[in-house]
Amino acid sequence: MTGPEELHGVTLLAEEAAALAAMADASSVAELERLRVEWLGRRGRVTEQLRAVGTLPADQRRTAGQRLNALRALMEKRLDARLAECARRDLEQRLIEERLDLTLPSAPPAVGRLHPVTRTRRRLEDAMVRLGFSLFEGPQVEDEWHNFEALNMPAEHPAREMHDTFYLPPPYLLRTHTSPFQVRSMKAAQGRLPLRVFTIGTTFRRDDDPTHAPQFMQMEGLLLDVGIGLGHLKGVVRQVFKEVFGGDPVLRIRPSFFPFTEPSVEWDMQCTLCGGSGCRVCQNTGFLELLGSGMVHPHVIRAGGYDPELVSGFAFGWGVDRLAMLAYGIDDIRLLYQNDLRLLNQL
Amino acid sequence: MEIAASLIGHWLREPMPVEAMCARLTRLGYEVVETRPLDAGLEPVRLVQVVDRRPHPSRSRLAIVTAIGGTEPVEVVTGAANGLPGERLFYAPPGTRLPDGRTLGTREFGGVPSPGMLCSAGELGLRAGPGDLWVWKGPGEPGDRYTDLMGAETILVIEMTPNLAQFAQSARGLARDLAAEAGGRLPCLPALQTPTVPGRVVLRAPDRCPAYALYEMALPDTDLPIRLQRQLRASGFRLVNPMVDWTNYILVDTGQPLHAFDAERVRLPIVVRMAADGESLVTLDGQTLTLQADDLVIADQNGPLALAGVMGGRDSAIDEGTRRVLVESAHFTAPGIYRTARRYNLRTDAAERFLRGTDPEALLPVLGHLLTLLGEDGRPPTGVLAFAGEAPERRRAAYRRDQIRNLMSASWTDAEMDGVLERLGFVVAEDEAVVPSFRPDVSETVDLAEELGRILSLDGIPDRVPPVTTPAVRDPAHRFRERVRDLVAAAGYTEILSRVFVDAGGVPGPDRPPVVHRLVNPLREEEAALRTELWPSLLETLAFNRDRGVDLAPLFEVGVVYRGTPDAPVEEWELAAVLPFLEDLNLHLHLHRRGTPDVYALTGLVDLLAERLHWDLRRVSGDPVAFLHPGRQQKVLDGGLLLGRVGEIHPDVLQGYRLPPAGLVSLVIRPPAARPAPSVIRPSRYPPLTRDLSVVWPDGLLFEEARRAIEEAGSSMLESCVPYDRFSGSFGQSLTIRLRFRAPERTLTEDEGDRLVQAILVALKRHGVVLRE
């Protein structure tokens, strides 16, 4: 039989030393709980002995009490330490068992998405607002005067034929372009200057092929003030291109024709896809025809209630769908409005 | 338009390479969108010399011709009568693509293989006679390429804007601008030195036809030289017969349409007059037109001969029997020609010029040009000239140099500007410019500014940026719609943009509102009206996707609907959202146990819009509409205003689209007035007290009513009241409601909780709701 062991200054009986060892080795929470009850529970062996200290002779009480309290503390500490270890181990075990296959399809938040034309429209709107143009909206069911006459396209003007118009009972039609907004915004401004506005919205032409949809979207800007010249048009339109495409796009201008501007200027941008060497998107020309512009025709300024002798201005516009098609690499405009979810979900 | 590069080039003093011509035309506003060689496909064709001709062994009408030129002798079977030894012909080997579209191969005739063919002029798109095969008399050696012998001819495809088409729809018109840009002017057309004979032409409608020339001569037997034939073909014309081809040539070369009548079928004098209403004319293409009083006709003593400026008549047309011709060179004013051409849908080359504007002073010079060309073989034709009327006086345009410089932001000198205008044919004075007769498009200073910009180049004008003096704004209504879009998309709906066109009969289904606005000229019958509601487009889109085997998904659109009356259209912005009630919206999500959506997801969408957008939307039951489930729908109101509906779509409507159960929200978007920000209630620091009540629910009681009773009885201590379980038993319907109480400044005691629950039970009892035993 071995003599009494001593641990942390506590003299231990053999079975107490064995219990402490068992506590250190216990491999489960349940076993630890059993040991705690056996030794430290209400009827545990240490508890019972502590309770019995009072019955000891007076000279032994002090040492026995001290020893038992120290033993209890020792056991509690050992139990707690081991308990923490077991809990940690159990948790680790559980975490291993809870392993999931995260290559299974995910469950993303059910968020919808905006139509690519809406997103392109917003990009253009934001660019225009940054450049100081206020949004002005006009009706889609337009009257013939605002759509044609006021824009220097009298009846029987051949230029009207460029606009395959959807007619409603007179005097109404579906606007063939956003340009009626020029006269409408001038009238609304009632002589105030400068007038720095833009519009963006749905327009209609009686056309249906891969490059022309009967319903499409245009954006148009207008700046009217004293002393505005073609140089201002060039400066502002270049800014618009920079805002929308970023960087410093390579631009080419050509004289063009719109009945409501004179002179008229067409803007081509070096193809962003091939860098000008020619590809399918630019039809091997190296350039993309993107924007029409011009100095507002005196007749239009007059129709808007301003005096063309005193003020001048410029207007410019482009197709929102066309820019969306370019941005998303779509070559058939009808795809944009078919709302095939397989397409929308890619964009 | 298509035009031969060499035809433009022949007007210029200096030769201009095609590439440079294209670049300069584009810079001048004539966008060259395509160039292609006239002889594309004919590259393998070469000149050969016949060395032998022997009869075909079995076919009496065929011969076998051996020819040399190029690599090795070829033997070709021919049915032509010529192609005799010593003659030089054009041989097209296999692989040649002829102008008529045929690609040649090797064929067998009676057992004799014949690779490619010996060509007639017609097979090469030209006209040369006599004989079947084209016997070449020009320079060159056997083996020379056809394309080298002919010289390159390039077709320019020009996108002509309407303003430029008014004066530049011809080689001469385009050349004038090229010359002016390079600092030069075009040579004048030759003057016609023939006395005129009176009495042959009478003008009855001088505002529609101010001037008219007629030249009578023998039908010319001079054909167009090969070079001119090729220029004509490269300008988009087919060869017809020499007389027609000459007039077409003049048309494309100068822009002035000519018309030739068979002189023996015309009883002079010619009368240019308005048609009588109902008068009829058989045109060249065989149509019988019933004319109107607004049509101008060329008539003789028997009646209308031609629809002036648009198309000739069949009865006075030249044909094989024609011996003498009357060549008309006239000026018709544009708007009238435009109306007539459009009325009968006759877009001829002549009408295409007249309706945009031609040169009233060119009538005689152009005839002179024709006679010069006809006389180039040394036999100038002689004839009788008649002329009536006069060209209108030239217009004067205000010419304000400073205004132009300001408008163009340019620093051009007076001399620079004057020089350009003079080269373009203007006569420049102090403050005005006399407009040349061929420029119907110019009438004021801005028109001159445009010309100067084109010729002097827009590239040199410096960029300027006017400062922004006022902040830019967007309309609040517009911003509100954008917030609606963002919120509905965030809520799981995908935005679509649909077409506004619907069937004139409206959308099928019970109780549909009729369409208001019908198109006069729809693309198709089923798209003949404008929509009055948005949501049917969403169902169509679902059906469209379903038909393509695509999983259905929640969709929405914010778009315009067209209401009001035909006389007073009203455009309203609407939101429509559709949610299919499908478990397998995304099949794999079953793995993650997501629930099936139902109509509450849609009432929830309305509530979300109300809460997040501070939009005073209220859902109210009653007044059911037929397109929704009668027991599962509500109105959506803003104040007293009905904005729309929310609910499950009626099975009959869904049946029409063959769609599974689905619900919708359909709302007019009327942005709410701005409201002060709501005041915030400071959250309590104390714990809540939670009680669950299981109650028996009487039939027909709306939760809304009970909730109001609970809220009143629960006082300010009631934090929330959520029904979370429902089942039925012998007692009827039961509902379990979780009540949560909380006080702002203290912890509620159990006793207080009991008292609050008691008060709530008393209040509920008034609605017939009792605690379940």
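These figures come from a predicted structure and were not determined experimentally.
In terms of non-hydrogen atom pairs under 4.5 Å with chain A, the most contact-rich of B:Q403, B:R342, B:H517, B:H478 is B:H478. In terms of heavy-atom pairs under 4.5 Å with chain A, the best-connected choice from B:P566, B:A529, B:S498, B:P335 is B:S498. Contact count against chain A (heavy-atom pairs under 4.5 Å) is highest for B:D447 among B:D447, B:N406, B:L164. Here B:A489 is the residue among B:A490, B:A489, B:G29, B:A449 with the most heavy-atom pairs under 4.5 Å with chain A. For chain A, the option among B:N521, B:L28, B:T541 with the highest count of heavy-atom pairs below 4.5 Å is B:N521. Contact count against chain A (heavy-atom pairs under 4.5 Å) is highest for B:L523 among B:V558, B:T470, B:D459, B:L523.
Looking at A:E266, neither its backbone nor its side chain comes within 4.5 Å of chain B, counting heavy atoms on both sides. For chain B, the nearby parts of A:L341 are the backbone and the side chain; heavy atoms of each come within less than 4.5 Å. The contact between A:Q239 and chain B is made entirely by side chain atoms (from C-beta outward), counting heavy-atom distances below 4.5 Å. For a residue to count as touching a neighbouring chain, one of its non-hydrogen atoms must lie under 4.5 Å from one of that chain's; by this rule A:P169 touches chain B with backbone and side chain alike. Proximity to chain A (any heavy atom under 4.5 Å) is restricted, for B:P471, to the backbone atoms N, CA, C and O. Heavy atoms of B:E444 lying under 4.5 Å from chain A belong exclusively to its side chain. With a threshold of 4.5 angstrom between heavy atoms, A:L131 approaches chain B through N, CA, C or O but not through any side-chain atom. Proximity to chain A (any heavy atom under 4.5 Å) is shown, for B:R546, by neither the backbone nor the side chain. Interface residue A:R196: only side-chain heavy atoms are found under 4.5 Å from chain B. Only the backbone of A:T165 has a heavy atom closer than 4.5 Å to any heavy atom of chain B. Contacts between B:Y30 and chain A at a heavy-atom distance below 4.5 Å are absent for every atom of the residue. Only the backbone of B:Y493 comes within less than 4.5 Å of a heavy atom in chain A; its side chain stays farther off. Contact of B:T26 with chain A is made through backbone and side chain together, with heavy-atom distances under 4.5 Å. Contact of B:L452 with chain A is not made at all, since no heavy-atom distance falls under 4.5 Å. At a 4.5 Å heavy-atom cutoff, A:T285 makes no contact with chain B through either its backbone or its side chain. Interface residue A:D126: backbone and side-chain heavy atoms are both found under 4.5 Å from chain B. Neither the backbone nor the side chain of B:R479 comes within less than 4.5 Å of any heavy atom of chain A. Using a 4.5 Å cut-off between heavy atoms, A:R121 contacts chain B through its side chain alone, with no backbone atom that close. Proximity to chain B involves both the backbone and the side chain of A:R254, based on heavy atoms less than 4.5 angstrom apart. Within the 4.5 angstrom heavy-atom criterion, atoms from both the backbone and the side chain of B:V473 approach chain A. Only the backbone of B:R27 comes within less than 4.5 Å of a heavy atom of chain A; no side-chain atom from C-beta onward does. When heavy atoms are compared at a cutoff of 4.5 Å, A:Q338 approaches chain B by way of both its backbone and its side chain. Residue A:P194 touches chain B through its side chain alone, counting heavy-atom pairs closer than 4.5 Å. Within the 4.5 angstrom heavy-atom criterion, only backbone atoms of A:D207 (N, CA, C, O) approach chain B.
Residues B:T340 and B:D294 have side chains that never bring a donor and an acceptor to within less than 3.5 angstrom of each other. Side-chain contact check for A:E262 and A:H299: no donor-acceptor pair (N or O, by modelled atom type) lies under 3.5 Å. Defined by atom type and a distance below 3.5 Å, a donor-acceptor pair is present between the side-chain atoms of A:D101 and A:T103.
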Stepwise, does the salt bridge (Lys or Arg N to Asp or Glu O under 4.0 Å) test hold for A:R342 with A:D340?
CA-CA 5 Å; A:R342 289 169 299 177; A:D340 188 320; 2.6 Å; yes
Given the rule in the ring-ring contact (aromatic ring centres under 6.0 Å, His included) test, do A:Y172 and A:Y167 qualify, once you have shown the distances and angles that lead to the verdict?
CA-CA 7 Å; A:Y172 294 109; A:Y167 287 98; over 10 Å; no
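The aromatic rings of A:F166 and B:F501 sit tilted relative to each other, their planes meeting at an angle between 30° and 60°.
At distances below 3.5 Å, at least one donor-acceptor pair connects side-chain atoms of B:R405 with backbone N or O atoms of B:W412. With hydrogens and angles ignored, the 3.5 Å screen pairs no side-chain donor or acceptor of A:T261 with any backbone N or O of A:S264. Put simply, the side chain of A:D143 gets close to the backbone of A:H146: a donor and an acceptor are under 3.5 Å apart. Of the possible donor and acceptor atoms, none in the side chain of A:H115 sits under 3.5 Å from a partner among the backbone N and O of A:L344.
Contact check on B:D486 versus A:R122 returns a salt bridge, with a Lys/Arg side-chain nitrogen under 4.0 Å from an Asp/Glu carboxylate oxygen. Ion pairing between a basic and an acidic side chain is recognised when a charged N comes within 4.0 Å of a carboxylate O; A:R205 and A:D164 show no such pairing. In this structure, B:R524 pairs ionically with A:D208, as a charged nitrogen and a carboxylate oxygen lie closer than 4.0 Å. The pair A:R184-A:E137 does not count as a salt bridge, with every side-chain nitrogen at least 4.0 angstrom from each carboxylate oxygen. By the 4.0 Å N-to-carboxylate-O rule, B:E181 lies too far from B:R454 to be salt-bridged with it.
Because its NZ or CZ atom is not both nearer than 6.0 Å to the ring centre of A:F204 and within 45° of the ring axis, A:R206 does not count as a cation-pi partner of that residue.
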